[in-house]
Amino acid sequence: MTKSQQKALVAAVDAFLKLEIEASDQNEVISDLAAEKLTWSRTNAGKIVSTSLGADKFELIWEGIRLAERYLQAKYPDLELGSYRLRIKSQLHDQEGHKYGLGSSGAVLVACLWGILQAFSDIPESPSAADRLKVFKLAAIAESRLKMKGSFGDLAAASHGGLLLYQNFDRKWFRRAKKTTGQDVLKLLDSDWPGLTIQSLAFPDDWAFYAFWVGQEASTEKLLKRQQTQLSQDFLDQSQELVEALAQDLEKGDFTNFNRHLSANQDLIEDQLQSQGSYYASPALEEVVNSAREAGLAAKVSGAGQGDCAIAIAPNRSSAQTFLEEAQAKGLNHLDLKIYFV
């Protein structure tokens with residue numbers, strides 16, 4: 001779904017990233033993923049710079065701060081930003097700092113934007129749909145400035161919550177619009193982004209969602225950079241049809257067809273990557289998916305594949321009990337997560 005107007009199902013889960021913002025005598029970021037406190041400053045051109053040890057690993061935070069401040073200064077020309085401290089604590093990694101593959105990079109960017117805009121009273125405590133869309137767009141602009149190649153689906157999940165039918169916007173239009181609007185972030189935000197869809201879906205009450213982490217990190221950005229072959233239009237069309245079918249299955253509560261379409265979706269991706277000399281599911285991911293399918297659950301690798309997580313969905317909790325017990329006996333790492341609806 002990195003291509004223009006391609007669709008995917010994305011979901012927010014109840015693992016959280018907490019951000020606190022407070023006035024300070026100097027600009028600081030304190031994160032549980034940083035070895036020490038990070039200090040930063042503003043250049044006359046509005047760029048955010050930090051010379052703290054390890055600061056280069058947090059470019060999304062610096063870009064989030066920069067873009068949030070540019071937006072605030074454009075909308076409120078007399079606003080004094082002053083100095084402030086961001087405290088960031090994440091549940092999206094294990095005790096050794098290994099990421100679970102739950103979209104933590106997008107989550108920290110969205111959190112920075114959300115926290116700064118709320119601190120300066122641009123977004124209320126109970127945000128509207130328009131507020132959520134604004135944060136999504138700012139986050140997408142930030143990632144595109146860093147030349148990231150992802151779909152921005154994780155940004156939709158982090159800004160909107162719940163289970164979503166997400167359709168990517170027209171990337172060619174976006175590149176042109178960024179050039180023509182230049183520094184005018186308000187104009188780009190106010191534009192209608194062609195093709196963009198972020199539609200909330202219901203998850204059937206009796207169905208159950210499970211996630212498994214295989215202990216191997218995967219980077220979507222690195223995988224996309226290694227992709228040498230263009231995706232065929234036939235692949236894109238089949239993928240679009242399967243995602244639309246999955247959304248309809250959810251709406252109808254049709255688990256049988258949901259299971260069939262989810263398996264077909266993974267098979268389609270596997271075939272495409274194998275034709276390019278690559279792979280989608282690592283042996284550990286295959287074990288999770290195959291074990292779940294043998295127990296009658298719908299299952300698929302999550303995201304770009306080759307690591308991180310696989311998901312499994314059962315028509316009810318009781319039908320998944322045997323599978324969960326077998327998964328535990330095999331040492332599969334079940335993350336106790338649910339889809340998080342705001």
Side-chain angles (χ1 to χ4, degrees), residues 8-17 33 90-107 153-154 157 163 203-220 222-223 242 246 249-250 255-256 258-274 278-341:
L9 298 182
V10 296
V13 294
D14 58 349
F16 301 104
L17 186 147
L33 286 178
S90 174
Q91 298 175 352
L92 307 179
H93 56 82
D94 69 5
Q95 293 180 346
E96 284 74 43
H98 301 125
K99 295 180 180 181
Y100 292 133
L102 300 175
S104 57
S105 297
D154 56 337
L163 178 60
F203 188 69
D205 292 337
D206 49 347
W207 292 15
F209 172 89
Y210 303 96
F212 291 84
W213 181 54
V214 298
Q216 175 187 355
E217 293 184 48
S219 167
T220 300
K222 290 178 181 178
L223 292 173
L242 285 168
L246 285 163
D249 297 336
L250 284 163
F255 183 80
T256 299
F258 181 87
N259 191 353
R260 180 169 63 85
H261 290 136
L262 194 67
S263 295
N265 180 265
Q266 169 144 333
D267 292 344
L268 178 68
I269 298 171
E270 283 277 18
D271 291 346
Q272 175 69 28
L273 289 175
Q274 286 176 5
S278 185
Y279 68 97
Y280 187 45
S282 65
L285 287 169
E286 281 189 347
E287 184 174 17
V288 175
V289 171
N290 291 338
S291 296
R293 288 177 175 175
E294 288 168 5
L297 281 68
K300 182 187 174 296
V301 173
S302 174
Q306 299 192 10
D308 290 334
C309 294
I311 60 168
I313 295 173
N316 52 67
R317 292 199 174 275
S318 59
S319 66
Q321 194 57 43
T322 300
F323 161 66
L324 291 175
E325 292 171 357
E326 291 177 352
Q328 185 176 14
K330 292 178 180 179
L332 302 179
N333 192 353
H334 173 220
L335 301 177
D336 187 14
L337 298 172
K338 296 183 290 295
I339 297 175
Y340 179 72
F341 291 87

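None of these values were measured; they are calculated from a predicted model.
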Hey, what do you get for OH (Tyr210) to CG (Leu332), rounding to the nearest 0.5 Å?
14.5 Å
With sequence neighbours excluded, residues passing side chain to side chain donor-acceptor pair (under 3.5 Å) with Asn290:
none
Would you check if Leu335 and Val13 make a side-chain contact, meaning some heavy-atom pair closer than 4.5 Å?
no
What is the minimum heavy-atom distance between Ala15 and Leu337, and which atoms define it?
CB-CD2, 3.8 Å
Could you state the interatomic distance from CD1 (Ile269) to OG (Ser278), rounded to the nearest 0.5 Å?
12.0 Å
For Asp14, salt bridge (Lys or Arg N to Asp or Glu O under 4.0 Å) partners two or more places apart:
Lys338
Rounded to the nearest 0.5 angstrom, the CG-CG distance for Leu262 and Leu297 is 11.0 Å
Under the side chain to side chain donor-acceptor pair (under 3.5 Å) rule, collect the residues that match up with Ser319, sequence neighbours excluded.
Asn316
Please examine the side chains of Leu102 and Trp213, heavy atoms only from C-beta on, and report whether any two atoms are closer than 4.5 Å.
no
Distance, nearest 0.5 Å, that separates CD1 of Ile313 from CZ of Phe258
4.0 Å
Close side-chain approach of Lys330 to Ser291, heavy-atom, < 4.5 Å
yes
Atom CD of Gln328 with >12 non-hydrogen neighbours under 6.0 angstrom
no
Interatomic distance, Ile339 atom CD1 to Leu163 atom CG [nearest 0.5 angstrom]:
5.0 Å
Nearest heavy atoms of Ser104 and Leu17, plus distance in Å
O-CD1, 4.5 Å
Sequence-distant partners of Gln266, side-chain contact (heavy atoms from CB on, under 4.5 Å), two or more places apart:
Glu270, Tyr280, Ala281, Val289, Arg293, Lys300, Val301
Which residues share a side chain to side chain donor-acceptor pair (under 3.5 Å) with Asp249, sequence neighbours left out:
His261
Apply side chain to side chain donor-acceptor pair (under 3.5 Å) to Ser105 and list each qualifying residue two or more places apart in sequence or on a separate chain.
Lys99
Qualifying residues under ring-ring contact (aromatic ring centres under 6.0 Å, His included), relative to Phe212, sequence neighbours excluded:
Phe323, His334
Contact check, side chains of Pro204 and Leu250, non-hydrogen atoms, under 4.5 Å
yes
Looking only at heavy atoms, which two atoms of Leu92 and Ala107 are closest? And how far apart?
CD1-CB, 3.9 Å
side-chain contact (heavy atoms from CB on, under 4.5 Å) partners of Ile311, counting only residues at least two apart:
Phe209, Ser302
Under the ring-ring contact (aromatic ring centres under 6.0 Å, His included) test, residues paired with Tyr340 that sit two or more places apart
Phe16
Listed partners of Leu268 passing side-chain contact (heavy atoms from CB on, under 4.5 Å), at least two apart:
Phe235, Gln238, Ser239, Leu242
Grab the two heavy atoms, one from Ala298 and one from Asn259, that are nearest each other, plus how far apart they are.
CA-OD1, 3.5 Å
